[in-house]
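What follows is a set of notes on a single structure, which appears directly below.
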Amino acid sequence: MAVRANDSGKPAKPEKKRGRTWHALANPARFLRLARAVFPWAAGVAAVCIIAGVVLGLFVVPPDYQQGDAYRIIFVHVPAASLAMIIYAIMALSGAAALIWRHPLADLIGKASAPVGAAFTFINLLTGSLWGQPMWGTWWVWDARLTSMLILFFLYLGYIALHAAFDDPTKGARSSAILALVGAVNLPIIKFSVDWWNTLHQPATISKLDAPSIDSSMIAPLILMFVGFIAYYLLMLTLRIRSEIIARRIRNLRLAQAAR
Amino acid sequence: MVGPFLALIGRDLRLAFRGGIGSLVSVVFFVIASALFPLGVGPELTLLERIAPGVLWVCALLAAMLSLDRMFHDDHEDGSLEQIALGALPLELVALAKAIAHWLTTGLPLVLAAPVLAVLLNLSTEGFVVLIVSLLIGSPILSLIGSVGAALTVGLRRGGVLLSLLVLPLYVPVLIFGVGAVEAAIHGLGERSHLLILGGGLVGALVLAPFAAAAALRLALE
């Protein structure tokens, strides 16, 4: 409700406890100021790290003795997997914050994060499939990791669909917050069950290839790409929250005009 | 507290019972869907024997899911959900009673129909008892997780399809351990651990799912 109350462009009420920045950020004007400050930094870090990571990963690092040049896809694949899981955790945490404190910013974080997380999950699945074709000779195997990433992707899709199904954005936000929490409780169980299922059904030929010890020269581009992806996520997050706040403002202005 | 709780379950059972064939639709779906598999993959008995545990569990899971959107929908439409929410029973127990009633009207008939279908699909005799036990433990989990999904989508126009998208990924562990128990029994590996994990899942779902479902119902009733 706080978003709506402040959205009409009136000056915000002074906060009682100025020290608690998390609550202070419930004020959209204050959040927009912070977002504007973060934006160029996130954009710069994302651009520099991703470009440097790509150049280093594609041209500088030597090819693998076994996999040749095909292994270079892990510089996209592995950071995308980390981001897919980190973003789901952020969605679950912000869902908890939205339900407990009714924090309007937490609502927006969940909504803004979901498509980015789904995209990273999809990139992870896609690059894994592209790598699997030359390495395993097949586009897809029902490996434990692939399967649990696929289920994570479905969880993202369910979250996005539930959020979009409500006409009232606050209701949609809180419903999907509940779903994110249920999913977060379930994710470890799903992961465990898929691991168990996989070891029963398949011999462990693939998992040996799955976790090769990595050469030290390959770590630098991996870390660069990881930092770059995180900065990119922050960039998208601030952008999407900003546009959401502005969209709600426009909606409220229109409603106020129609009521006149 | 026990009185209204049992009364709510009894009311739902009476409603389902007097609804006639409507409440049996999910069992009929279970039978037809399982019967489609021999038509799809061919009638070789060895092949059917191999896939029978998985086919039976997947079809039971889908049949249980299909009837989920009726759990709160009708009560929400005619306003009785508001009446129930105003009553003495906390919403958590309302959600639990609804899930139990759903299991009694769909899960239990599925369990009873499963042995017949198992014969049709040529399931190994070693797997029969474990199939029934695993369905007995596993299908209440489906109803409990389903109550969360049903509560989340109760006020929505096209809730049914969305409900399946929300609930199916969460059903994955139940399916894996349910089928795992039957296959372990067939191959003589010991089904105990699978059934114990299923039991643990049931206890966890019994405790946690009503809270999530009640939170979602509160939101729908706002």
Side-chain angles (χ1 to χ4, degrees), chain A residues 1 88 92 95-96 98-100 102 107 118 121 142 144 147-202, chain B residues 54 95 138 141 144-149 151-181 183-184 187 189 191 193-194 197-198 200-201 204-205 207-222:
Chain A
M1 278 298 138
Y88 198 89
L99 290 173
I100 296 168
R102 302 278 157 98
D107 280 358
T121 318
W142 288 95
T147 314
S148 32
M149 271 328 249
L150 187 67
I151 294 168
L152 181 66
F153 186 58
F154 293 151
L155 286 175
Y156 270 120
L157 291 187
Y159 183 95
I160 295 169
L162 185 66
H163 213 303
F166 284 87
D167 295 329
D168 177 1
T170 43
K171 257 192 173 179
R174 264 187 276 148
S175 293
S176 43
I178 296 173
L179 183 70
L181 283 178
V182 173
V185 171
N186 249 284
L187 258 181
I189 305 173
I190 292 174
K191 179 91 183 89
F192 164 71
S193 66
V194 168
D195 282 348
W196 177 301
W197 163 77
N198 192 254
T199 48
L200 277 186
H201 279 246
Q202 280 190 333
Chain B
I141 309 179
L144 285 163
I145 296 176
S147 71
V148 181
L152 280 173
T153 54
V154 67
L156 298 174
R157 266 154 295 161
R158 277 191 300 277
V161 188
L162 180 60
L163 177 56
S164 56
L165 182 61
L166 302 185
V167 159
L168 282 181
L170 303 176
Y171 278 180
V172 167
V174 185
L175 177 67
I176 287 175
F177 290 110
V179 177
E183 297 215 320
H187 298 125
L189 297 172
E191 66 285 350
S193 52
H194 292 86
I197 292 173
L198 268 186
V207 175
L208 294 176
F211 285 98
L217 281 181
R218 254 178 224 119
L219 205 59
L221 292 173
E222 249 173 29

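In what follows, chains are A, B, ... by sequence order, proteins preceding strands, each numbered from 1.
Both the backbone and the side chain of B:L152 come within contact range of chain A, each with at least one heavy atom under 4.5 Å from a heavy atom of that chain. Only the side chain of A:V185 comes within contact range of chain B, judged by heavy atoms closer than 4.5 Å. Only the side chain of B:T153 comes within less than 4.5 Å of a heavy atom of chain A; its backbone N, CA, C and O stay farther away. At a 4.5 Å heavy-atom cutoff, the contact between B:I197 and chain A is made by side-chain atoms alone. Using a 4.5 Å cut-off between heavy atoms, B:A220 contacts chain A through its backbone alone, with no side-chain atom that close.
Across all non-hydrogen atoms, the minimal contact from A:R174 to B:E222 is NH1-OE2, 3.3 Å. Nearest heavy atom pair, residue A:S175 against residue A:F166, reads OG-CZ, 3.2 Å.
Using a 4.5 Å heavy-atom threshold, the side chains of A:K191 and A:L187 count as separate.
One distance of note links CG of A:L162 with CG of A:L179; it measures 6.0 Å at 0.5 Å rounding. Rounded to the nearest 0.5 Å, atoms CG (A:L181) and CG (B:L208) are 11.5 Å apart. Taking CG from B:L198 and CD from B:E191, the interatomic distance works out to 11.5 Å, rounded to the nearest 0.5 Å.
Between the side chain of B:S147 and the backbone N or O of B:L144, at least one donor-acceptor pair lies under 3.5 Å.
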Output side-chain donor-acceptor pairs under 3.5 Å for residues 168-180 of chain B, partner residues at least two apart or in another chain, one line each.
from   : atom 1 : to     : atom 2 : distance (Å)
B:Y171 : OH     : B:L142 : O      : 2.6

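Of residues 210-218 of chain B, those residues with a non-hydrogen atom less than 4.5 Å from any non-hydrogen atom of chain A are, in numerical order, B:A212, B:A215, B:A216.
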